[in-house]
Amino acid sequence: MSSIIQFDHVSVSVQEKTLLSDISFALAPGEKAVLCGKSGSGKSSVLKTLLGLLPIKLGMVYFQETPLTPASVQSIRGCTAYIGQEPMLGADSVRDALLLPFQFKTHREHRPSEAQLIAALQRLQLPADILKQQSSRISGGEKQRIALARGLLLGKTLYLLDEVTSALDAESKQAVFEVFSDPALTVLSVAHDPEWLERCTVIFELEAGRLIEVRRHGNT
């Protein structure tokens, strides 16, 4: 099976500081991967590099076997949902935040109905009346799940997640686990949560910007 993501001996430096050094790995469609390591080990830098937010000094990143370039990065972002620890929802109300992408020509014809909005929220243990709330008044965990609901409504297939379960209670976390059990979704995440790690098919261990170990299905 061809890979959806491939890092081929990638090194990244910013202002002479090395963030990633000679990173190589591949991720197949449908795999759930997690990046582990101490703070500053390069986990978030891997996600940002894939999104074209950091300059590649050496090596090459491929998405669906196409090299990552300034010209191709938009196609990657088009099918990718990046959800950080404190997502920016970009609108005053939760309803407007969910509908924001559908104002643009690319998605205008796929604007979800009220029933579809509510169904996406309920999948993530969010009540329908949260649609009326102000984005500034909801918790970080709720913002993460709303950003995830927006990705589902947009039909995103690749999810880049940064500590997405860190602010969730057990019930909400279980709902997120169930969403990502879908074999059609590929996940590359940063996490320390043991429950999340147990559910990932591959674990990448980083240290000081280097990939030092790869474990699949819990095997060392």
Side-chain angles (χ1 to χ4, degrees), residues 5 12 14 19-20 33-35 39-40 42-55 61 63 68 70 72-108 110-112 114 116-169 172-173 175-177 179-180 185-193 196:
I5 298 168
V12 172
V14 175
L19 302 179
L20 300 175
V34 60
L35 299 154
S39 178
K43 305 182 296 297
S44 295
S45 295
V46 171
L47 301 187
K48 291 176 181 177
T49 300
L50 180 59
L51 288 169
L53 300 176
L54 291 174
V61 173
F63 175 74
L68 173 63
S72 68
V73 71
Q74 291 304 324
S75 65
I76 296 176
R77 295 175 182 174
C79 63
T80 302
Y82 171 76
I83 303 173
Q85 296 184 50
E86 187 72 21
M88 297 294 291
L89 297 182
D92 291 336
S93 74
V94 170
R95 182 191 302 278
D96 289 345
L98 286 172
L99 293 175
L100 182 64
F102 300 96
Q103 295 178 10
F104 303 104
K105 184 177 179 181
T106 306
H107 304 295
R108 196 171 295 155
H110 305 288
R111 181 185 172 96
E114 186 78 2
Q116 288 172 316
L117 291 178
I118 292 171
L121 292 173
Q122 289 178 337
R123 283 185 70 185
L124 294 157
Q125 296 295 320
L126 290 165
D129 61 8
I130 201 172
L131 288 167
K132 303 173 185 177
Q133 293 193 32
Q134 295 297 302
S135 298
S136 60
R137 303 294 295 273
I138 61 176
S139 71
E142 288 169 330
K143 286 180 181 177
Q144 287 178 322
R145 283 179 286 160
I146 288 162
L148 175 51
R150 187 161 61 185
L152 295 174
L153 289 166
L154 286 164
K156 303 289 190 179
T157 55
L158 173 61
Y159 287 80
L160 306 182
L161 311 176
D162 197 344
E163 299 286 3
V164 77
T165 61
S166 61
L168 302 183
D169 59 29
S172 301
K173 191 186 294 186
V176 171
F177 289 154
V179 165
F180 287 118
L185 303 182
T186 305
V187 177
L188 181 59
S189 59
V190 171
H192 295 91
D193 182 351
W196 182 266

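Everything numeric here is computed off the predicted structure, so don't read it as measured data. When a residue number appears, it is its place in the shown sequence, counting from 1.
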What is the minimum heavy-atom distance between [X] and [Y], and which atoms define it?
X: Gly151; Y: Ala81; value: CA-CB, 4.4 Å
X: Leu121; Y: Ile130; value: CD1-CG2, 3.9 Å
X: Leu161; Y: Leu47; value: O-CD1, 3.9 Å

Mind checking what makes salt bridge (Lys or Arg N to Asp or Glu O under 4.0 Å) contact with Asp92, not counting sequence neighbours?
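If we apply the salt bridge (Lys or Arg N to Asp or Glu O under 4.0 Å) test to Asp92, skipping adjacent residues, there are no hits.
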Find the distance between [atom1] ([X]) and [atom2] ([Y]) and round it off to the nearest 0.5 Å.
X: Thr186; Y: Leu158; atom1: OG1; atom2: CG; value: 6.0 Å
X: Phe63; Y: Ser72; atom1: CZ; atom2: OG; value: 9.5 Å
X: Leu54; Y: Leu19; atom1: CG; atom2: CG; value: 6.0 Å
X: Ser93; Y: Gln133; atom1: OG; atom2: CD; value: 10.5 Å
X: Leu131; Y: Ile118; atom1: CG; atom2: CD1; value: 6.0 Å
X: Leu152; Y: Leu185; atom1: CG; atom2: CG; value: 7.0 Å

In chain order, what residues pass the side chain to side chain donor-acceptor pair (under 3.5 Å) check against Ser44, with sequence neighbours excluded?
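By the side chain to side chain donor-acceptor pair (under 3.5 Å) rule, Ser44 matches Asp162.
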Tell me which donor-acceptor pairs under 3.5 Å the side chains of residues 140-149 have, and how far apart each pair is, sequence neighbours excluded?
| from | atom 1 | to | atom 2 | distance (Å) |
| --- | --- | --- | --- | --- |
| Glu142 | OE1 | Ser139 | N | 2.8 |
| Glu142 | OE1 | Ser139 | OG | 3.3 |
| Lys143 | NZ | Glu86 | OE2 | 3.1 |
| Gln144 | NE2 | Gly84 | O | 3.4 |
| Gln144 | NE2 | Gln85 | O | 3.4 |
| Gln144 | NE2 | Glu163 | O | 3.3 |
| Arg145 | NE | Gly141 | O | 3.4 |
| Arg145 | NH1 | Leu124 | O | 3.0 |
| Arg145 | NH1 | Gln125 | O | 3.2 |
| Arg145 | NH1 | Ser172 | OG | 3.0 |

Taking ring pair (Phe, Tyr, Trp, His ring centres under 6.0 Å) as the test, write out the residues that go with Phe177, two or more places apart.
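With sequence neighbours excluded, Phe177 shows a ring pair (Phe, Tyr, Trp, His ring centres under 6.0 Å) to Trp196, given in chain and number order.
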Sequence neighbours left out, what passes side chain to side chain contact (heavy atoms under 4.5 Å, CB included) with Leu53? Give chain and number order.
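Checked Leu53 against side chain to side chain contact (heavy atoms under 4.5 Å, CB included); matches are Lys48, Leu51, Arg77.
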Is the backbone N or O of Pro101 less than 3.5 Å from a side-chain atom of Arg150, with the two atoms forming a donor-acceptor pair by type?
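Not at all, since once roles are kept as given, no pair shorter than 3.5 Å links the two residues.
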Give every residue pair that meets the salt bridge (Lys or Arg N to Asp or Glu O under 4.0 Å) criterion with at least one member in residues 118-140, sequence neighbours excluded.
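Matches after skipping sequence neighbours: none remain.
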